[in-house]
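Structure record follows, encoded as C-alpha cells.
All values reported here derive from a predicted model rather than from experimental measurement.
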There are 2 protein chains.
Amino acid sequence: MTQRSAGPEILRLIELMARLPGLGPRSARRAALFLLKRKDQVLLPLADALREAGEKIERCQTCGNFDTVQPCAVCQAAGRDDTILCVVEDVPDLWALERGGAFRGRYHVLGGVLSAIDGIGPDDLNIAPLLSRVAAGGIREVILALNATVDGQTTAHYVADLLDSAGVEVTRLAHGVPVGGELDHLDDGTLAAALRSRRDVKR
Amino acid sequence: MTQRSAGPEILRLIELMARLPGLGPRSARRAALFLLKRKDQVLLPLADALREAGEKIERCQTCGNFDTVQPCAVCQAAGRDDTILCVVEDVPDLWALERGGAFRGRYHVLGGVLSAIDGIGPDDLNIAPLLSRVAAGGIREVILALNATVDGQTTAHYVADLLDSAGVEVTRLAHGVPVGGELDHLDDGTLAAALRSRRDVKR
C-alpha cells in the first residue's frame, strides 16, 4: 500500500493472519476486516483465546497430544486399555479417532511423517519416546494409524521395522471402501485393496 | 469430541477460528494446531496484534476507512484532490485502489452493498453521511467504484439517483478487457461492454 492507507497495526495483523494455513494474502485481508467489524463478538475473544491457549496448552510429555494438563486428559483417563497403543501422525488424527469413539486404548503422536522432500528425518519425529514407551513394557499391540499417503506408509514401515524386535504385535488400519462410499468414485488402489481383503459376508 | 481429548481452551480457539471467512471447521482445527506448534513465532504475536488492533483501530468518522487516527490517514493526507470523492463498497477496495496509486482524491466507504437476500437496506449502509458530505459542498465529482456485481450495480444506481439533484458529476468505473486479459477467457458481458466502449487507437 502506497502512502499510508492502512496503519501498521492493520498491516501487522494481516501479515500474521496470512501465515495461517489456508489463508493467502487476500483472504487474510478479508479475515482481518471481518475481525475489525466484529471487535466485541470475535476479535477480542479470539485475542483472549489465543493468549490463554498460548499460556496454558502444551504438548503432553507422554503421548504428544496438546492439553492444559500434564499428562493429557486422554493419557490420564481411567478405563482405557493400556496395552494397546495407537500411533498417529498428528493431533487432529487423534481428535478424529476420539470423535469416532471406536478406539479405547492410548495414543502416541509422532508429530509428522518422514519426508525426504521436506527434510524430515526420524530425529525430527516423536519416535524415540515411542520406542521407550514400548520398551518399558505393558504394551501388547501397536496400531500404526498413519495416513494412507506415500510418506505416511513409508513412516509406518520404518516404525514397524524399529518395533520388530520389541515383542509387540504391530498392526495397521484396514484399506477398503469407505462406509457410504461409491465404487465408481474410488481409485483403483483402494478397489484392489478392498478386493484383496474381502471377507465372508456372514462374518 | 467424546470424553475430553481436547481441552476447552483448544475447543474455544477452534470455534473462534472457524468463524473467520475462508476457514471451515477442519481448516480451523488445522490453523489452531499450526498456531499451537508456533507459540512464540505466530500464536502470541497474533494475540498481541489482535488486541492492539481491537484497542486502537476504529472507523474513520469521515470516510469509513479503518485506522488508528481520527480522521484516517487518507482523509488527513495533504496534496489529495478534495473535489473528487471515490465511493467504494468496503475497506479492501479502498486499499486496492491505494495500492494501484492511480487515484488521488478522497474516499467514502459504504460498508457493503444493498442486498435483498441478506436484508441489507440503505439504512444499513454509510449512505446518509455520503449525502451530507456532498451537500456540504466542495465536491465536484463522485466516482461510484462499486463491484461489477448485480448488488454492486444496484447500489450504484440507487446512490446515483440520490445524488441526482446534488449538482455533482456522478461517474462509474469503465468496463472492459482487464490489462493482460485474454479475450478467450472473458465472459460475454465484458466483451460486449469492451466493444461498446471501444476507442480510437490513436487516443
Test side-chain contact (heavy atoms from CB on, under 4.5 Å) applied to A:Asp151 and A:Ser115, step by step: CA-CA 6 Å; A:Asp151 284 346; A:Ser115 168; 3.7 Å; yes

Heavy-atom distance under 4.5 Å to chain A: side chain of B:Asp40, backbone, both or neither?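 The answer is neither part of B:Asp40.
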
Quick one: what part of B:Leu46 sits under 4.5 Å from any heavy atom of chain A, side chain, backbone, both or neither?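 Contact with chain A: backbone and side chain both.
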
Against chain B, work out which of A:Gly22, A:Pro21, A:Ala31 has the most heavy-atom pairs shorter than 4.5 Å and name it.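 Most pairs with chain B among the choices: A:Pro21.
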
Closest-packed option against chain B by number of heavy-atom pairs under 4.5 Å, given A:Leu23, A:Leu36, A:Asp48: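 Highest number of heavy-atom pairs under 4.5 Å: A:Leu36.
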
Can you tell me which of [options] forms the most heavy-atom pairs within a distance under 4.5 Å of chain A?
{"options": "B:Arg30, B:Glu52, B:Lys39", "value": "B:Lys39"}
{"options": "B:Leu44, B:Val91, B:Leu33, B:Val42", "value": "B:Leu33"}
{"options": "B:Ala49, B:Ala47, B:Ala53", "value": "B:Ala47"}
{"options": "B:Ile57, B:Leu35, B:Leu43", "value": "B:Ile57"}
{"options": "B:Met17, B:Arg51, B:Glu55", "value": "B:Arg51"}
{"options": "B:Arg59, B:Arg12, B:Arg26, B:Lys37", "value": "B:Lys37"}

Hey, does the side chain of A:Arg140 reach the backbone of A:Ile84 with a donor-acceptor pair shorter than 3.5 angstrom?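 No, the answer is negative, given that no donor and acceptor are paired below the 3.5 Å cut-off.
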
B:Ala73 backbone acceptor or donor facing B:Asp67 side chain under 3.5 Å: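 It does hold such a pair.
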
Would you find more than 12 non-hydrogen atoms of other residues, nucleotides or ligands less than 6.0 Å from B:Asp188 atom CG?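 Atom CG in B:Asp188 is not packed in, count stays at 12 or less.
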
As a test of understanding, state which of B:Asn147, B:Leu110, B:Leu97 forms a side-chain contact (heavy atoms from CB on, under 4.5 Å) with B:Val88.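 For B:Val88, the side-chain contact (heavy atoms from CB on, under 4.5 Å) test succeeds with only one of B:Asn147, B:Leu110, B:Leu97, which is B:Leu97.
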
Could you grab the distance from atom CZ of A:Phe34 to atom CG of B:Asp90, nearest 0.5 Å is fine?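 Taking CZ in A:Phe34 and CG in B:Asp90, the distance rounds to 12.5 Å.
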
Of all pairs that satisfy side-chain hydrogen bond (donor to acceptor under 3.5 Å, both in side chains), the ones with a partner from residues 167-182 of chain A, not counting sequence neighbours: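 Checked against side-chain hydrogen bond (donor to acceptor under 3.5 Å, both in side chains) - neighbours excluded - the pairs reaching residues 167-182 of chain A are A:Glu141-A:Thr171.
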
